[in-house]
Amino acid sequence: MNNPHEQLNGRQKEAVETLSGPLLILAGAGAGKTKTIAHRILHLVKSGVTPSQILAITFTNKAAKEMRERVIGLLHSDKSLNIPISMSQTPFVSTFHALGVHIIKENSILAGLPRHFTIFDRNDSKRAVKEALEELNLDPKQYESGAILNAISREKGNGVTCTEFMGKLSGGQHEFYQKTIAQVWEKYEKTLLKEKSADFDDLLLKTSILLKKHPEVRARYQSIWQYIHIDEYQDTNKVQYEIATMLAEKNRNIAVVGDIDQMIYSWRGADIQNILNFEKDYIEAKVVVLEENYRSTQTILAAANNVIQKNVMRREKKLFTRNSEGEKIALFISYTEKEEARIIADSARDLIEKGVNPKEISVLYRANFQSRVLEEAFLNKNVPYQLLGTKFFERKEIKDTLSFIKASLNRDSSGDMARVINIPPRGIGKVTMIKILAGQEGSLPPAMRLKVSQFFGLLDRIKNVVTTSKPSDSIKYILRETGMETMYRNGGAEEQEKLENLRELASVAIQYDSLAPEEGIETLLSNAALATDQDELEKEHDAVKLMTVHASKGLEFDYVFIVGLEQDLFPHQRIGKDEISQSEAEEERRLFYVALTRARKKVFLSYAQLRTIYGAQKVNTPSEFISDIGDDLMEAEVENSDERARGVKAIFIDF
C-alpha cells in the first residue's frame, strides 16, 4: 500500500488532506464517512501529529468500535510510518458518553464522585424516580416515572441542572406538573448523591460543567486533544455541542461529519441548528460535500432523493452512485396487519430459499408495537429472526453479575446491593436490608449479623479479585464464589440458558484483558451501562433482523422491508394531536429517507388497509411517502394469483 488515499474519491481526498482549521463534512448516506475520517486520521499521523493528540467521537459503541478498528488497521498496515504505534500512542476513539466517563474519572474529586462511581441505567433511574414519587405521596399511576425521567433527561441535555430548573420556577406561574418534576428531580439527585452514582445524562452534563468551571481542566484536554473529529454531528444536543466547542476553542482543529437529512433524534434533544450553524460558529470553516454513494442501487437512491428534496430545513445535496440501476421498489398492499406480517414473512422466506443469507434481510417499522404481529408471523412460517430491543446486558443474570462488581467497588450503591444480597438466596429480608443501608447492622440478631458479615466478606473478596485480575478471570471467579454457577447448573432449561449467557459474559470480558485489571473492569462496566440495541448485532445470528427505523441508523442490509406505511403511523402522528408541525413532518420524512438508504439491493414497502391500534380498528390511507417516490420508478401492477387463490385480500405491486 504505497498510497492508501488512492482508494478515495476526489471529495473524500479533499476532506482527508484538509488537516488544520474547522472542517464540515456533509456526508450523505453510504458515502464512506467512516472511511474518510479514518484516512484523515492516518494522514494527520503521517504529517507528524502524535496519535494520542487525535480525538474521534461518535454516538454508539458499535460505530466507535468500527472506527477504532479501521484507524488502528490503517496505522499498522501503512509501511511508510516509521514510528512505533503502541497502545498508549493511539487516537482516542469513543462515544460521547464514554468520553464523559473518562474525563469524570480523571477529575472525580472535582466532579464530586468517587473513581468507582456507579452509572445508573434506565431501570436504576426509574427505580429512583418511583421512590421519589412514593416519598412525595404521589400516585405512580398518575405520574408515570418514565415520563418524568424523560423530562429530567431533556433538561439535563439542554445543560440545565436541578438547581437551575427550580430557580426558573420560582417567582412565576407554572403548571403544577412542572413543579412536581422539580420536586421529584430534587429527590432523585439526592439518591444519586447518596449512592455515589451518575445517570447517562450526568456523564455529559458533569463533563460540560467540569470544562466550564475549571479552566485548568479545559486547558489540559485542549492540550491533549489538538485534533478533534465529531461524527453524526447533526445528532448532538446542547451539552454535546458545548463539550465539542470547549475542547476545540483553543486550536480550532475540529472536523465534524454529519448529514442534515439523517437527523432523526430531536425527541431526545438533538438540535439540527448545531450543524446548520457550524459555518457561523467557525467562519473560516471549509465545507466538503460527499454525495457519491457506495451502498445502494440507482433506483433506491433516486427514490431517496425524491423523498428528501421536499424538506426545507436542509442543505442541497443529491446522492449518486456508479452502482447498477437495480430492481424496482416493490409495494405490498394488505387487508390487515396480520396479512401484512404474513406476506412479509413469506417474502423473506422466498428470498432465503433463493440463497439470500437471512442476516442480510431487515424489516423496519416506525413503532415498537408493530413487532408483535411480525414475530408471530415469522414464528408461524418458521423463518429465523432476531428482534433488536432485548439487550444482552439487560438480562437479569448479566445485571446480577455486574451488580456484584459494582457493589464491591461502591458500597453506597444501594440498588446494586439490594439486587444481589439474596443471590443465591441468603435469607436476608427487606427490613434487614433497610437496616444495613442505614448503617444499623449492630441492631440485628446475631444469626442475621453473621449472614450479613459473610455477604460483606464476599464483596471484599470480589473487590480484591476484580482490581488485581483479568476481567474474564474475575467474571469466572464471581460465578463460582457467589454460587450462581451451581444454582443455574442444577436448574432446568431456562437456568441452563442463563448459565450460557453468563459464560458468554466471561467471553465478552476477554476483550478487556489487555488492559490493567482495574481499568479493564471499569471499561467493561462503562460499556455495559452504555450498550445500545445495535450492540446485539455483535453476536452474529443468521436471522432476519426486526427493528425500528431509529434502531437501524448506521446499519445496512441487502434487502429491506419498510412496513406500516400509513398516514398517522408513518409519518407518525401522536394520539390526540390534530396535525404535526413542519419540523415534526420533516423529521418523519428524514426517518423514511434513513429507512430507504439502509438497503443495498432492493426495498419492499408495505401498508395495511385496516390496522388495530390501542384496541380500535382503523381504516388507513397510504403514506404520502409512497407517492413521493415517483412514477418513473414504477412498473406494471401485478396481482399475486397465489394469494388470491387462498382468498387473501392482498395484492403485490412491483414499482
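In what follows, residues are counted from 1 in the order of the sequence shown.
- Glu353 pairs by the side-chain hydrogen bond (donor to acceptor under 3.5 Å, both in side chains) definition with nothing, not counting sequence neighbours.
- Each of Arg598, Arg295, Lys601 was evaluated against Glu556; a single residue qualifies, Arg295, per the salt bridge (charged side-chain N to carboxylate O under 4.0 Å, His left out) test.
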Glu66 and Arg70: salt bridge (charged side-chain N to carboxylate O under 4.0 Å, His left out), yes or no, with the steps? CA-CA 6 Å; Glu66 288 172 1; Arg70 185 85 69 104; over 6 Å; no

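- Glu584 and Gln582 form no side-chain donor-acceptor contact under 3.5 Å, judged by distance and modelled atom types alone.
- Put simply, the residue from Arg590, Lys317, Arg589 that forms a salt bridge (charged side-chain N to carboxylate O under 4.0 Å, His left out) with Asp261 is Lys317.
- Looking at Tyr385 and Glu375, their side chains do bring a donor and an acceptor atom within 3.5 Å of each other.
- Each of Lys618, Lys338, Glu337 was scored for a side chain to side chain contact (heavy atoms under 4.5 Å, CB included) with Arg611, with one residue passing: Glu337.
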Take Phe561 and Val544, measure what side-chain contact (heavy atoms from CB on, under 4.5 Å) needs, and give me the verdict at the end. CA-CA 11 Å; Phe561 292 85; Val544 178; over 6 Å; no

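- Within 6.0 Å of NZ in Lys130 there are 12 or fewer heavy atoms belonging to other residues, nucleotides or ligands.
- With hydrogens and angles left out, the side-chain atoms of Glu340 and Ser606 include a donor and acceptor closer than 3.5 Å.
- Taking the side-chain hydrogen bond (donor to acceptor under 3.5 Å, both in side chains) definition, one finds that Asn123 meets it with nothing, sequence neighbours left out.
- Under the 3.5 Å distance criterion, with hydrogens and angles disregarded, a donor-acceptor pair is assigned to the side chains of Asp199 and Tyr188.
- Take Lys318 and apply the salt bridge (Lys or Arg N to Asp or Glu O under 4.0 Å) test, not counting sequence neighbours, and it matches no residue.
- Between Phe625 and Phe592, the ring planes are parallel. Angles under 30° get that label, and only those over 60° would be called perpendicular.
- When the shell of 6.0 Å around CZ of Arg122 is examined, it contains more than 12 heavy atoms from other residues, nucleotides or ligands.
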